Amino acid sequence: MIRFLPRWGAVLVAVSAIVPTTPVAASAEPTGATVTWAVQPADARGPDGRRWIEHTLDPGVVLTEHLAVRNFGDAPVVFALQAADGYLTDKGRFNMLTSGQESVDGGTWITLPETVTVGAKQTTVVPFTISVPQDATPGDHPAGVAATVTSTGGTVAVQSRVGFRVMLRASGTVTAAVAVEDLTVRYERSWNPFASGGVHLTYTARNNGNAAVTGDGTVRVGELFGLAGRNASTDVPELLPGDGRQVEAHVGGIWGLGRLTTTVEVTPAVVSGEPAGAEVRPTTTTVTVWTVPWPQLALGVLFGVLLLGWRTITRRRRRQLARLLDQARAEGRESVLTAD
(Lines give C-alpha, C1' and ligand atoms only; values in the text may rest on other atoms or scores of the structure.)
Protein backbone atom coordinates (compact mmCIF):
# COMPACT_ATOMS: atom_id res chain seq x y z
CA MET A 1 0.00 0.00 0.00
CA ILE A 2 1.26 3.46 -0.90
CA ARG A 3 0.71 6.54 1.22
CA PHE A 4 -0.08 9.71 -0.71
CA LEU A 5 0.02 13.20 0.76
CA PRO A 6 -3.38 14.44 1.94
CA ARG A 7 -3.04 17.79 0.19
CA TRP A 8 -4.19 16.14 -3.05
CA GLY A 9 -7.64 15.86 -1.51
CA ALA A 10 -9.65 12.68 -1.24
CA VAL A 11 -12.90 13.34 -3.05
CA LEU A 12 -13.85 14.67 -6.46
CA VAL A 13 -17.05 16.62 -6.96
CA ALA A 14 -18.09 18.07 -10.30
CA VAL A 15 -20.81 20.10 -11.90
CA SER A 16 -20.64 19.81 -15.68
CA ALA A 17 -16.96 20.06 -16.65
CA ILE A 18 -15.74 21.58 -13.39
CA VAL A 19 -14.43 19.21 -10.75
CA PRO A 20 -13.01 20.99 -7.66
CA THR A 21 -12.03 19.19 -4.47
CA THR A 22 -14.90 19.45 -1.97
CA PRO A 23 -16.42 17.54 0.96
CA VAL A 24 -17.53 13.95 0.39
CA ALA A 25 -21.18 14.70 -0.33
CA ALA A 26 -22.81 16.60 -3.17
CA SER A 27 -26.32 17.59 -4.18
CA ALA A 28 -28.22 17.73 -7.45
CA GLU A 29 -31.81 17.93 -8.60
CA PRO A 30 -32.23 15.41 -11.45
CA THR A 31 -36.06 15.28 -11.32
CA GLY A 32 -37.01 18.22 -9.16
CA ALA A 33 -36.12 16.47 -5.89
CA THR A 34 -32.77 17.21 -4.27
CA VAL A 35 -30.32 14.30 -4.27
CA THR A 36 -27.41 14.25 -1.86
CA TRP A 37 -24.84 11.48 -2.09
CA ALA A 38 -21.28 10.45 -1.30
CA VAL A 39 -18.79 8.01 -2.77
CA GLN A 40 -16.12 6.31 -0.69
CA PRO A 41 -13.57 3.48 -0.95
CA ALA A 42 -14.96 0.31 0.59
CA ASP A 43 -14.55 -3.39 1.12
CA ALA A 44 -17.28 -5.97 0.49
CA ARG A 45 -19.06 -4.96 3.71
CA GLY A 46 -19.11 -1.18 3.27
CA PRO A 47 -16.95 1.95 3.62
CA ASP A 48 -13.61 0.96 5.12
CA GLY A 49 -12.26 4.35 6.24
CA ARG A 50 -9.89 4.97 3.36
CA ARG A 51 -9.96 8.35 1.71
CA TRP A 52 -8.70 7.00 -1.62
CA ILE A 53 -7.43 3.77 -3.15
CA GLU A 54 -3.78 3.17 -3.95
CA HIS A 55 -1.82 0.13 -5.04
CA THR A 56 1.51 -0.93 -6.47
CA LEU A 57 0.79 -3.75 -8.93
CA ASP A 58 2.72 -5.96 -11.32
CA PRO A 59 1.86 -5.89 -15.03
CA GLY A 60 -0.87 -8.39 -15.85
CA VAL A 61 -2.40 -8.38 -12.35
CA VAL A 62 -6.18 -8.16 -12.00
CA LEU A 63 -7.43 -6.85 -8.65
CA THR A 64 -10.96 -6.46 -7.29
CA GLU A 65 -11.74 -3.30 -5.33
CA HIS A 66 -14.96 -1.76 -4.00
CA LEU A 67 -16.64 1.60 -3.77
CA ALA A 68 -19.66 2.57 -1.71
CA VAL A 69 -22.35 4.95 -2.99
CA ARG A 70 -24.40 6.51 -0.20
CA ASN A 71 -27.78 8.06 -1.02
CA PHE A 72 -28.85 10.57 1.64
CA GLY A 73 -32.07 11.47 -0.20
CA ASP A 74 -35.66 10.35 0.34
CA ALA A 75 -36.04 8.49 -2.97
CA PRO A 76 -34.10 5.85 -4.90
CA VAL A 77 -31.58 7.23 -7.39
CA VAL A 78 -29.87 5.69 -10.40
CA PHE A 79 -26.24 6.81 -10.49
CA ALA A 80 -23.98 6.56 -13.54
CA LEU A 81 -20.50 5.28 -12.67
CA GLN A 82 -17.36 6.51 -14.37
CA ALA A 83 -13.61 5.90 -14.26
CA ALA A 84 -11.15 8.29 -15.89
CA ASP A 85 -7.53 9.41 -15.90
CA GLY A 86 -6.48 11.65 -13.03
CA TYR A 87 -4.50 14.87 -13.19
CA LEU A 88 -3.56 17.93 -11.13
CA THR A 89 -5.20 21.28 -11.82
CA ASP A 90 -3.26 24.53 -12.15
CA LYS A 91 -3.84 25.04 -8.42
CA GLY A 92 -2.42 21.63 -7.58
CA ARG A 93 -5.72 19.91 -6.83
CA PHE A 94 -6.37 16.35 -7.92
CA ASN A 95 -9.06 15.92 -10.56
CA MET A 96 -10.25 13.42 -13.18
CA LEU A 97 -11.18 13.83 -16.83
CA THR A 98 -14.80 14.59 -17.64
CA SER A 99 -17.03 12.18 -19.55
CA GLY A 100 -16.34 14.04 -22.79
CA GLN A 101 -12.59 13.47 -22.58
CA GLU A 102 -10.92 10.21 -23.54
CA SER A 103 -8.78 8.41 -20.97
CA VAL A 104 -5.56 6.78 -22.15
CA ASP A 105 -3.82 5.77 -18.92
CA GLY A 106 -4.88 4.60 -15.46
CA GLY A 107 -8.54 5.31 -16.10
CA THR A 108 -8.61 2.61 -18.77
CA TRP A 109 -7.39 0.03 -16.24
CA ILE A 110 -10.61 0.28 -14.22
CA THR A 111 -13.79 -1.57 -15.14
CA LEU A 112 -16.99 -0.91 -13.21
CA PRO A 113 -20.77 -1.18 -13.87
CA GLU A 114 -22.32 1.56 -15.95
CA THR A 115 -24.99 2.36 -13.34
CA VAL A 116 -26.03 1.52 -9.79
CA THR A 117 -29.41 2.07 -8.14
CA VAL A 118 -29.26 3.11 -4.50
CA GLY A 119 -32.37 3.19 -2.34
CA ALA A 120 -33.41 6.09 -0.13
CA LYS A 121 -31.14 6.47 2.90
CA GLN A 122 -29.20 3.41 1.69
CA THR A 123 -25.58 2.53 0.88
CA THR A 124 -24.67 0.21 -1.96
CA VAL A 125 -21.27 -1.41 -2.34
CA VAL A 126 -20.11 -1.78 -5.94
CA PRO A 127 -17.18 -4.07 -6.82
CA PHE A 128 -14.91 -3.05 -9.67
CA THR A 129 -11.74 -4.46 -11.17
CA ILE A 130 -8.31 -2.99 -11.80
CA SER A 131 -6.53 -4.74 -14.68
CA VAL A 132 -2.91 -3.77 -15.20
CA PRO A 133 -1.82 -4.14 -18.85
CA GLN A 134 1.00 -6.54 -19.57
CA ASP A 135 3.00 -3.70 -21.14
CA ALA A 136 2.34 -1.19 -18.33
CA THR A 137 5.34 1.09 -17.85
CA PRO A 138 6.77 1.35 -14.33
CA GLY A 139 5.60 4.32 -12.30
CA ASP A 140 2.41 6.18 -11.44
CA HIS A 141 -0.81 5.99 -13.45
CA PRO A 142 -3.36 8.16 -11.59
CA ALA A 143 -7.08 7.70 -12.07
CA GLY A 144 -10.40 8.49 -10.40
CA VAL A 145 -13.84 6.94 -10.06
CA ALA A 146 -17.11 8.82 -9.60
CA ALA A 147 -20.88 8.45 -9.34
CA THR A 148 -22.80 10.88 -11.53
CA VAL A 149 -26.29 12.39 -11.58
CA THR A 150 -27.59 14.41 -14.54
CA SER A 151 -30.10 17.12 -13.71
CA THR A 152 -32.22 18.91 -16.30
CA GLY A 153 -33.47 22.46 -16.28
CA GLY A 154 -35.33 23.44 -19.44
CA THR A 155 -33.07 22.60 -22.37
CA VAL A 156 -29.87 22.51 -20.28
CA ALA A 157 -28.51 19.30 -18.73
CA VAL A 158 -25.99 19.62 -15.89
CA GLN A 159 -23.86 16.68 -14.85
CA SER A 160 -22.84 16.48 -11.19
CA ARG A 161 -20.42 13.87 -9.88
CA VAL A 162 -18.75 12.77 -6.68
CA GLY A 163 -15.77 10.45 -6.50
CA PHE A 164 -12.29 9.77 -5.21
CA ARG A 165 -8.89 9.14 -6.68
CA VAL A 166 -7.33 5.77 -7.44
CA MET A 167 -3.55 6.02 -7.41
CA LEU A 168 -1.99 3.13 -9.32
CA ARG A 169 1.70 2.39 -9.58
CA ALA A 170 3.07 -0.25 -11.92
CA SER A 171 5.97 -2.09 -10.34
CA GLY A 172 9.49 -1.51 -11.59
CA THR A 173 12.14 1.16 -11.21
CA VAL A 174 10.69 4.42 -9.92
CA THR A 175 12.45 7.44 -11.42
CA ALA A 176 12.25 10.87 -9.81
CA ALA A 177 13.41 13.57 -12.22
CA VAL A 178 12.51 17.25 -12.53
CA ALA A 179 13.84 19.33 -15.42
CA VAL A 180 14.36 23.09 -15.15
CA GLU A 181 13.09 24.69 -18.35
CA ASP A 182 12.87 28.28 -19.64
CA LEU A 183 14.91 29.79 -16.81
CA THR A 184 14.70 33.59 -16.99
CA VAL A 185 16.50 36.01 -14.69
CA ARG A 186 15.72 39.69 -14.11
CA TYR A 187 17.80 42.00 -11.96
CA GLU A 188 15.71 44.42 -9.90
CA ARG A 189 18.00 47.26 -8.84
CA SER A 190 17.57 49.80 -6.11
CA TRP A 191 18.24 53.35 -7.28
CA ASN A 192 19.66 54.06 -3.85
CA PRO A 193 23.39 53.58 -4.49
CA PHE A 194 23.89 52.48 -0.89
CA ALA A 195 21.21 49.74 -1.08
CA SER A 196 21.47 46.40 -2.84
CA GLY A 197 18.93 45.06 -5.30
CA GLY A 198 17.70 41.55 -5.99
CA VAL A 199 17.30 38.90 -8.65
CA HIS A 200 13.83 37.67 -9.66
CA LEU A 201 13.78 34.40 -11.55
CA THR A 202 11.14 32.15 -13.07
CA TYR A 203 11.37 28.69 -14.56
CA THR A 204 9.19 25.75 -15.51
CA ALA A 205 9.65 22.66 -13.37
CA ARG A 206 8.73 19.61 -15.43
CA ASN A 207 8.39 16.06 -14.14
CA ASN A 208 10.46 13.95 -16.52
CA GLY A 209 10.27 10.86 -14.33
CA ASN A 210 7.59 8.23 -13.90
CA ALA A 211 6.34 9.00 -10.39
CA ALA A 212 4.64 11.90 -8.62
CA VAL A 213 7.27 14.14 -7.07
CA THR A 214 7.92 17.36 -5.24
CA GLY A 215 11.30 19.07 -5.17
CA ASP A 216 13.66 21.06 -3.00
CA GLY A 217 15.37 23.77 -5.00
CA THR A 218 18.40 25.94 -4.27
CA VAL A 219 19.13 29.19 -6.09
CA ARG A 220 22.59 30.76 -5.98
CA VAL A 221 23.42 34.13 -7.52
CA GLY A 222 27.13 34.92 -7.80
CA GLU A 223 28.69 38.25 -8.70
CA LEU A 224 32.17 39.81 -8.86
CA PHE A 225 33.25 36.68 -10.76
CA GLY A 226 32.25 34.39 -7.93
CA LEU A 227 33.83 36.39 -5.11
CA ALA A 228 30.41 37.25 -3.69
CA GLY A 229 27.01 35.62 -3.84
CA ARG A 230 23.71 34.91 -2.19
CA ASN A 231 21.59 31.77 -1.81
CA ALA A 232 17.84 31.19 -1.53
CA SER A 233 15.61 28.14 -1.41
CA THR A 234 12.61 27.36 -3.57
CA ASP A 235 10.03 24.59 -3.45
CA VAL A 236 8.83 22.71 -6.50
CA PRO A 237 5.08 21.98 -6.25
CA GLU A 238 3.70 18.48 -6.55
CA LEU A 239 3.94 17.18 -10.12
CA LEU A 240 2.53 14.09 -11.77
CA PRO A 241 4.59 12.48 -14.56
CA GLY A 242 4.71 14.85 -17.53
CA ASP A 243 3.33 17.81 -15.56
CA GLY A 244 4.98 21.23 -15.70
CA ARG A 245 4.46 24.13 -13.32
CA GLN A 246 5.98 27.62 -13.19
CA VAL A 247 8.15 28.38 -10.17
CA GLU A 248 9.28 31.82 -9.03
CA ALA A 249 12.01 32.85 -6.61
CA HIS A 250 13.67 36.04 -5.37
CA VAL A 251 17.24 36.45 -4.14
CA GLY A 252 17.99 39.69 -2.29
CA GLY A 253 21.25 41.37 -1.36
CA ILE A 254 22.58 41.52 -4.93
CA TRP A 255 24.46 44.66 -5.97
CA GLY A 256 24.49 43.96 -9.70
CA LEU A 257 28.15 44.84 -10.25
CA GLY A 258 28.62 43.41 -13.72
CA ARG A 259 28.21 39.71 -14.43
CA LEU A 260 25.54 37.76 -12.48
CA THR A 261 25.61 33.97 -12.59
CA THR A 262 22.36 32.35 -11.46
CA THR A 263 22.30 28.61 -10.80
CA VAL A 264 19.16 26.61 -9.99
CA GLU A 265 19.57 23.13 -8.53
CA VAL A 266 16.53 20.89 -7.93
CA THR A 267 16.53 17.60 -6.05
CA PRO A 268 13.24 15.72 -6.59
CA ALA A 269 11.55 13.57 -3.96
CA VAL A 270 9.01 10.82 -4.58
CA VAL A 271 5.67 11.79 -3.06
CA SER A 272 4.88 8.33 -1.76
CA GLY A 273 5.85 4.71 -1.80
CA GLU A 274 9.35 3.49 -0.99
CA PRO A 275 11.69 6.34 -2.04
CA ALA A 276 14.72 4.33 -0.89
CA GLY A 277 14.45 2.25 -4.04
CA ALA A 278 13.85 5.18 -6.36
CA GLU A 279 16.30 6.53 -8.90
CA VAL A 280 16.62 10.20 -7.99
CA ARG A 281 18.08 12.53 -10.62
CA PRO A 282 19.04 16.04 -9.43
CA THR A 283 19.32 18.72 -12.08
CA THR A 284 21.30 21.96 -12.34
CA THR A 285 20.77 24.86 -14.75
CA THR A 286 22.82 28.07 -14.96
CA VAL A 287 22.11 31.40 -16.65
CA THR A 288 24.48 34.39 -16.87
CA VAL A 289 23.37 38.00 -17.32
CA TRP A 290 25.27 41.26 -17.29
CA THR A 291 24.16 44.31 -15.34
CA VAL A 292 25.36 47.91 -15.28
CA PRO A 293 25.52 49.44 -11.77
CA TRP A 294 23.95 52.73 -12.82
CA PRO A 295 23.30 54.12 -9.30
CA GLN A 296 26.89 53.48 -8.25
CA LEU A 297 28.23 54.85 -11.54
CA ALA A 298 26.09 57.96 -11.11
CA LEU A 299 27.37 58.33 -7.56
CA GLY A 300 30.94 57.91 -8.81
CA VAL A 301 30.45 60.53 -11.51
CA LEU A 302 28.92 62.91 -8.97
CA PHE A 303 31.79 62.30 -6.58
CA GLY A 304 34.28 62.85 -9.40
CA VAL A 305 32.60 66.12 -10.41
CA LEU A 306 32.58 67.31 -6.80
CA LEU A 307 36.23 66.34 -6.35
CA LEU A 308 37.24 68.07 -9.57
CA GLY A 309 35.28 71.16 -8.57
CA TRP A 310 36.87 71.18 -5.12
CA ARG A 311 40.35 70.82 -6.56
CA THR A 312 39.67 73.56 -9.14
CA ILE A 313 38.37 75.95 -6.48
CA THR A 314 41.28 75.10 -4.18
CA ARG A 315 43.85 75.78 -6.91
CA ARG A 316 42.19 79.07 -7.81
CA ARG A 317 42.22 80.14 -4.18
CA ARG A 318 45.87 79.17 -3.84
CA ARG A 319 46.79 81.12 -6.97
CA GLN A 320 44.75 84.09 -5.77
CA LEU A 321 46.42 83.92 -2.37
CA ALA A 322 49.84 83.69 -4.02
CA ARG A 323 49.07 86.78 -6.12
CA LEU A 324 47.92 88.67 -3.06
CA LEU A 325 51.11 87.69 -1.22
CA ASP A 326 53.25 88.72 -4.17
CA GLN A 327 51.35 91.98 -4.40
CA ALA A 328 51.80 92.61 -0.69
CA ARG A 329 55.55 91.92 -0.91
CA ALA A 330 55.87 94.23 -3.90
CA GLU A 331 54.01 96.99 -2.11
CA GLY A 332 56.21 96.45 0.93
CA ARG A 333 59.40 96.80 -1.10
CA GLU A 334 58.08 99.97 -2.78
CA SER A 335 57.23 101.51 0.57
CA VAL A 336 60.76 100.82 1.83
CA LEU A 337 62.37 102.38 -1.24
CA THR A 338 60.10 105.41 -0.95
CA ALA A 339 61.07 105.89 2.67
CA ASP A 340 64.79 105.85 1.77
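Computed from a prediction, not measured in an experiment: that's the story for all the values here.
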(message) Tell me whether the count of non-hydrogen atoms from other residues, nucleotides or ligands lying under 6.0 Å of CZ in R230 goes above 12.
(response) no

(message) Would you compute the distance between atom CG of L321 and atom OG1 of T314 and round it to the nearest 0.5 angstrom?
(response) 12.0 Å

(request) Compare all side-chain heavy atoms of V247 with those of V266 and state whether any distance is below 4.5 angstrom. (result) no

(message) I need the minimum non-hydrogen distance between P268 and A176, along with the two atoms involved.
(response) CG-O, 3.3 Å

Ignoring hydrogens and angles, write down the donor-acceptor pairs under 3.5 Å from the side chains of residues 124-134, residues two or more places apart or on other chains.
none

(request) Considering non-hydrogen atoms only, spot the tightest contact between G209 and P241 and give its length. (result) O-CB, 3.7 Å

(request) With the side chain counted from C-beta on, respond yes when T214 and V271 share a heavy-atom pair under 4.5 Å apart, and no when they do not. (result) yes

(request) First locate atom CD of E265, then atom OG1 of T286, and finally report the distance between them rounded to the nearest 0.5 Å. (result) 9.5 Å

(message) Check whether N207 reaches the backbone of D243 with its side chain - one donor and one acceptor, N or O, closer than 3.5 Å.
(response) no

(request) Taking all heavy atoms of V39 and all of V162, pick out the closest pair and write down the distance. (result) CG2-O, 3.4 Å

(request) Could you grab the distance from atom CZ of R281 to atom OG1 of T283, nearest 0.5 Å is fine? (result) 11.0 Å

(message) For residues 34-48, which residue pairs pass the salt bridge (Lys or Arg N to Asp or Glu O under 4.0 Å) check, not counting sequence neighbours?
(response) D43-R45, D48-R50

(request) Grab the two heavy atoms, one from M96 and one from A146, that are nearest each other, plus how far apart they are. (result) SD-CB, 4.0 Å

(request) Kindly say whether M167 contributes a backbone atom to a donor-acceptor pair with the side chain of E54 at under 3.5 angstrom? (result) no

(message) Closer than 3.5 angstrom, by distance alone: can the side chain of D140 be matched with the main-chain N or O of A212 as a donor-acceptor pair?
(response) yes

(request) Check for a donor-acceptor pair, side chain of Y187 on one end and backbone N or O of W255 on the other, with a separation under 3.5 Å. (result) yes

(message) List the residues meeting side chain to side chain donor-acceptor pair (under 3.5 Å) with D74, not counting sequence neighbours, and say none if there are none.
(response) K121

(request) Rounded to the nearest 0.5 Å, what's the gap from CZ on R315 to CH2 on W310? Could you check? (result) 10.0 Å

(message) Could you work out, with side chain to side chain donor-acceptor pair (under 3.5 Å) as the rule, every residue matching R186, not counting sequence neighbours?
(response) E188

(message) Nearest 0.5 angstrom please: I53 CD1 to H66 NE2, how far?
(response) 9.5 Å

(request) For residues Y203 and V236, determine if any side-chain heavy atom of one lies less than 4.5 Å from a side-chain heavy atom of the other. (result) yes

(request) Please report the closest heavy-atom contact between G253 and S196, naming both atoms and the distance. (result) CA-OG, 3.3 Å

(request) Check the side chains of S171 and T56 for a donor-acceptor pair under 3.5 angstrom, ignoring hydrogens and angles. (result) no

(message) Does any part of the side chain of T262, heavy atoms only, come nearer than 4.5 Å to the side chain of V221, both counted from C-beta?
(response) yes

(message) Donor-acceptor check, side chain of W37 to backbone of A147, threshold 3.5 angstrom: yes or no?
(response) yes

(request) Give the intermediate values and the outcome of side-chain contact (heavy atoms from CB on, under 4.5 Å) for residues L260 and V185. (result) CA-CA 9 Å; L260 298 180; V185 175; 6.0 Å; no

(message) With heavy-atom distances below 4.5 Å as the criterion, would you say the side chains of V174 and R169 are in contact?
(response) yes

(message) Going by the rule side-chain contact (heavy atoms from CB on, under 4.5 Å), which residues pair with T173 if we only count those two or more places apart in sequence or in a different chain?
(response) T175, E279

Which atom pairs, donor and acceptor, lie under 3.5 Å between side-chain atoms of residues 78-86 and protein residues at least two apart or in another chain?
from : atom 1 : to   : atom 2 : distance (Å)
Q82  : OE1    : R161 : NH1    : 3.2
Q82  : NE2    : L97  : O      : 3.4
D85  : OD1    : D105 : N      : 3.1
D85  : OD1    : G106 : N      : 3.3
D85  : OD1    : G107 : N      : 2.7
D85  : OD2    : V104 : N      : 2.7
D85  : OD2    : D105 : N      : 3.0

(message) Show the nearest heavy-atom pair for residues G256 and T291, with the distance to one decimal.
(response) O-OG1, 2.7 Å

(message) Could you check whether any side-chain heavy atom of V305 comes within less than 4.5 Å of a side-chain heavy atom of F303, counting everything from C-beta outward?
(response) no

(message) Are L63 and L168 connected into the same hydrophobic cluster when the rule is that any two of I, L, V, M, F, W, Y join if their side-chain heavy atoms are below 4.5 Å apart?
(response) yes

(message) Quick check for you: to the nearest 0.5 Å, what is the distance between R189 atom CZ and I254 atom CD1?
(response) 13.5 Å

(request) Determine whether L239 and L88 make a side-chain contact, defined as any pair of heavy atoms from C-beta on separated by less than 4.5 Å. (result) no

(message) For a 4.5 angstrom cut-off between non-hydrogen side-chain atoms, does S233 reach D216?
(response) no

